[in-house]
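First the structure, in the form of C-alpha cells, and then the observations on it.
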There are 2 protein chains.
Amino acid sequence: MNVKIPKTTVSRLSIYLRALNRLEEEVETVSSRTLSEIVGFTAAQIRKDLAYFGQFGVPGRGYYITSLKEGIMRILGINKDWSVALVGAGHLGRALMAYKGFKQQHFIISAVFDKDPEKVGKNYLNHKILSMDELPRLVRERKIKIGVVTVPSEEAQNAVNALVNSGVKAILSFAPATVNVPPQVKLNRVDLSIELEGLSYFLTQGKK
Amino acid sequence: MNVKIPKTTVSRLSIYLRALNRLEEEVETVSSRTLSEIVGFTAAQIRKDLAYFGQFGVPGRGYYITSLKEGIMRILGINKDWSVALVGAGHLGRALMAYKGFKQQHFIISAVFDKDPEKVGKNYLNHKILSMDELPRLVRERKIKIGVVTVPSEEAQNAVNALVNSGVKAILSFAPATVNVPPQVKLNRVDLSIELEGLSYFLTQGKK
DNA sequence: TGGTGTGAATGCCTTCACAGCG
DNA sequence: CGCTGTGAAGGCATTCACACCA
C-alpha cells in the first residue's frame, strides 16, 4: 500500500459514492462498465481507481455495492462525523446551513461565526450566530478540524487566520481572493466566477 | 495558434486575472517570479501558460499588467457581458444573486426562474422570480447561452432539460446529482460536499 | 463467460535549463 | 543583467490489452 495515489483518483471517489448510494436501492452488485455509464469515466479508470485501495471486486460479478460504499467512505474518512466551523453568516453561509447534502455526507456545521454585531446572537436556520471572540475556544473545545469561509474577500484572510490560529487543519474558502495559510494546513478554494469563466472560454473558443 | 491548450492552463488564467486586478493599483509591470509568489504556481508554469496565447511579456521587464489583463479577459471571453439564467431561487440561488463577484467578472443574472408558485412573482434582491413557463421565451429573446442550476437534486435533470431545450449552450450545476446533457452542451458541476470530502481524505490519510 | 486487477504503452502536463532579447 | 519564451526531459494520469479468477 505504498504506491502514490493520484489526487484525481481521490476526487472521483466521491462521485462513485454518490452513484452507489442511488444504485444500492435497486441492485446488489455493479460492474465497472455499468458504473462508467453513470458517472462518465471509463471502466478501466474506475477499476484502476478502486484497485489502488485493495481488492474490492469479484471477477465475473463486479462490485458488491454495500461493501464498496463502506470501503470508499472509510478511505475518504467520512465513516464518522466531522464537525465544521462556518465563518460568515451572509447569504452564502446561510445557503450552506440549509444545504442538506452536508449532513448526508457526515459533515455537521457545529458552530457559525460572524463579525457583524447585528447578526451575533440571532438564529438563522437553527444555528445561533456566535461572535468571532468565541471562535478559538469553541474550535478547541469541539476539536474542530475543518473551517469553511464565506465572508467577503476583504475579510477572508482574517477569517482564515482566526481559524488557523485556533488549530483548524483544513479550510474551504469561497472568497474570490488569494489567501495564505501555513504549509501544514490544507486550503481548498471554490470560486464561483472561475467556474463561469471556464464556461465562457468554452463558448468563445469553441469545442476542441 | 493550432497547439492544444491544457485545460488546467485555462483554469489558472482566472486566478492570474484576480491577482492582476489587485496588482494593477500598485504597479505597472510584474514578473512571472513575483506573480508566482502570489498565486502559488511556479514561475515557469505561468510563463508557459501565457505563452500559449502569444507574446505578452517583455524580456528584462516582465508583463505589463493592464495589457496582460485585457489579453486574459479576451481569451476567457469575458471582455463583454454574459447574460445568465438562474434556475432555483432557494438559499443558494439567492446567495448567487447577492454575490458581487459575478457582475465584476461580466456575468449578469438576467432572469431567475423557480417552479414554486409561492415564489413566482416575488422579488428577491432586485430579481423578479419568473415561472418556468417563461423560461424558453426569455432564454431565446435574450439569447442566453449560460444557465446556472440551484435546485434540489430531484429537480436538477428537469431544470437542465428546460435550459437545454431552450438553447442554452453551457450549464453550471450545483445539485449533488448526476445529470445528462447532449454532447454539444458543456456541463460543469460544483459539488459542495465533494470539496469537503477532499479535505477529510487529507486529514485522515495524512499528508503525502 | 463476464468481469476484475494490472503491467505496459500512451498521452498530457509540469519542470528544467538556457538561448536570446530589451 | 533580468526576465521572457521554449525545446527537451521528466513525472503523472489515463488507456490498452490481457492473464487470471468466480
Side-chain angles (χ1 to χ4, degrees), chain A residues 1-16 19-20 23 27-69 71-72 75 198 201 205 207-208, chain B residues 1-16 19-20 23 27-69 71-72 75 198 201 205 207-208:
Chain A
M1 214 277 207
N2 229 348
V3 284
K4 281 210 41 175
I5 290 153
K7 34 191 156 188
T8 45
T9 290
V10 176
S11 70
R12 282 188 296 265
L13 289 182
S14 315
I15 298 178
Y16 302 151
L20 293 171
L23 282 168
V27 287
E28 204 186 348
T29 66
V30 64
S31 70
S32 57
R33 164 83 84 98
T34 56
L35 189 52
S36 86
E37 280 157 19
I38 298 173
V39 298
F41 310 117
T42 67
Q45 178 144 76
I46 293 173
R47 291 201 300 279
K48 180 139 280 201
D49 282 346
L50 298 177
Y52 280 116
F53 302 99
Q55 315 274 101
F56 281 114
V58 182
R61 302 201 138 261
Y63 298 88
Y64 281 87
I65 295 179
T66 309
S67 73
L68 177 57
K69 232 188 75 176
I72 294 180
I75 294 163
Y201 175 79
Q205 303 298 314
K207 53 254 31 169
K208 97 174 16 155
Chain B
M1 213 274 211
N2 230 346
V3 285
K4 282 210 41 176
I5 290 152
K7 35 191 155 188
T8 45
T9 290
V10 176
S11 69
R12 280 188 297 265
L13 290 182
S14 315
I15 299 177
Y16 302 152
L20 294 172
L23 283 169
V27 287
E28 203 186 349
T29 66
V30 65
S31 70
S32 58
R33 164 83 84 99
T34 55
L35 188 52
S36 85
E37 280 156 18
I38 298 172
V39 298
F41 310 117
T42 67
Q45 178 143 75
I46 293 173
R47 290 201 301 278
K48 181 138 279 201
D49 282 345
L50 298 178
Y52 280 117
F53 302 99
Q55 316 273 100
F56 281 114
V58 182
R61 302 200 137 261
Y63 299 88
Y64 281 87
I65 294 179
T66 309
S67 75
L68 177 57
K69 231 188 76 175
I72 294 181
I75 294 164
Y201 174 80
Q205 303 298 313
K207 52 253 33 164
K208 97 173 17 155

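All figures in this text were calculated on a predicted structure; none of them were measured in a lab. Below, chain A is the first sequence line, B the second, and so on; all start at residue 1.
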Spacing between B:Glu28 atom CD and D:dC3 atom C1', to the nearest angstrom: 16 Å

In whole Å, what is the span from the CZ atom of A:Phe41 to the P atom of D:dC16? 16 Å

Using a 4.5 Å cut-off on heavy atoms from C-beta on, say whether the side chain of B:Ile72 contacts that of B:Phe56. no

Taking the side chain as every heavy atom from C-beta outward, state whether A:Leu68 and A:Tyr16 have any atom pair closer than 4.5 Å. no

What nucleic acid atoms does A:Arg33 come within less than 4.0 Å of, heavy atoms only: base, sugar-phosphate, or nothing? nothing

Which ones in residues 42-50 of chain B lie close to DNA chain D, meaning a heavy atom under 4.0 Å from one of its atoms? B:Arg47, B:Lys48

Checking contacts here: which listed nucleotide (D:dT6, D:dG2, D:dT14) is nearest the side-chain heavy atoms of B:Ala51? D:dT6

Taking the side chain as every heavy atom from C-beta outward, state whether A:Leu13 and A:Leu50 have any pair of such atoms under 4.5 Å apart. yes

NA contact type, A:Tyr63, heavy-atom cut-off 4.0 Å: base, sugar-phosphate, or nothing? sugar-phosphate

B:Arg61 CZ to D:dG5 P, straight-line distance once rounded to whole Å: 14 Å

NA contact type, B:Phe56, heavy-atom cut-off 4.0 Å: base, sugar-phosphate, or nothing? sugar-phosphate

Tell me, please, the opening and closing nucleotides of DNA chain C, 5' to 3', among those with an atom under 4.0 angstrom from a non-hydrogen atom of chain A. C:dG2 to C:dA8

Would you kindly compare A:Arg12 and B:Gly57 by the position of their nearest DNA chain D nucleotide and give the one closer to the 5′ end? B:Gly57

Once you apply a heavy-atom cut-off of 4.0 Å, does A:Ser32 come out as touching a base, just sugar-phosphate, or nothing? sugar-phosphate

Contacts of A:Gly60 and A:Thr8 projected onto DNA chain D by closest heavy atom; the upstream (5') one is A:Thr8

Quick one, B:Tyr64 with B:Val58, criterion side-chain contact (heavy atoms from CB on, under 4.5 Å). Give me CA distance, side-chain angles, the key distance, then yes/no. CA-CA 8 Å; B:Tyr64 281 87; B:Val58 182; 3.8 Å; yes

Atom OH of B:Tyr16 to atom P of D:dT4: distance rounded to whole Å? 12 Å

What heavy-atom pair brings A:Tyr201 and B:Ile75 nearest, and what distance separates the two atoms? CD1-O, 3.4 Å

So A:Thr34 and A:Leu23, side-chain contact (heavy atoms from CB on, under 4.5 Å) or not? Walk me through it. CA-CA 11 Å; A:Thr34 56; A:Leu23 282 168; over 6 Å; no

Starting the side chain at C-beta, find the nucleotide from D:dA22, D:dT4, D:dT14 nearest to A:Tyr52. D:dT14

Full working for side-chain contact (heavy atoms from CB on, under 4.5 Å) between B:Ser36 and B:Ile46: CA-CA 7 Å; B:Ser36 85; B:Ile46 293 173; 3.8 Å; yes

Is there a side-chain contact (heavy atoms from CB on, under 4.5 Å) between A:Leu35 and A:Phe41? Walk through the geometry before answering. CA-CA 9 Å; A:Leu35 189 52; A:Phe41 310 117; over 6 Å; no

Partners of A:Ser32 by side chain to side chain donor-acceptor pair (under 3.5 Å), sequence neighbours excluded? A:Arg47

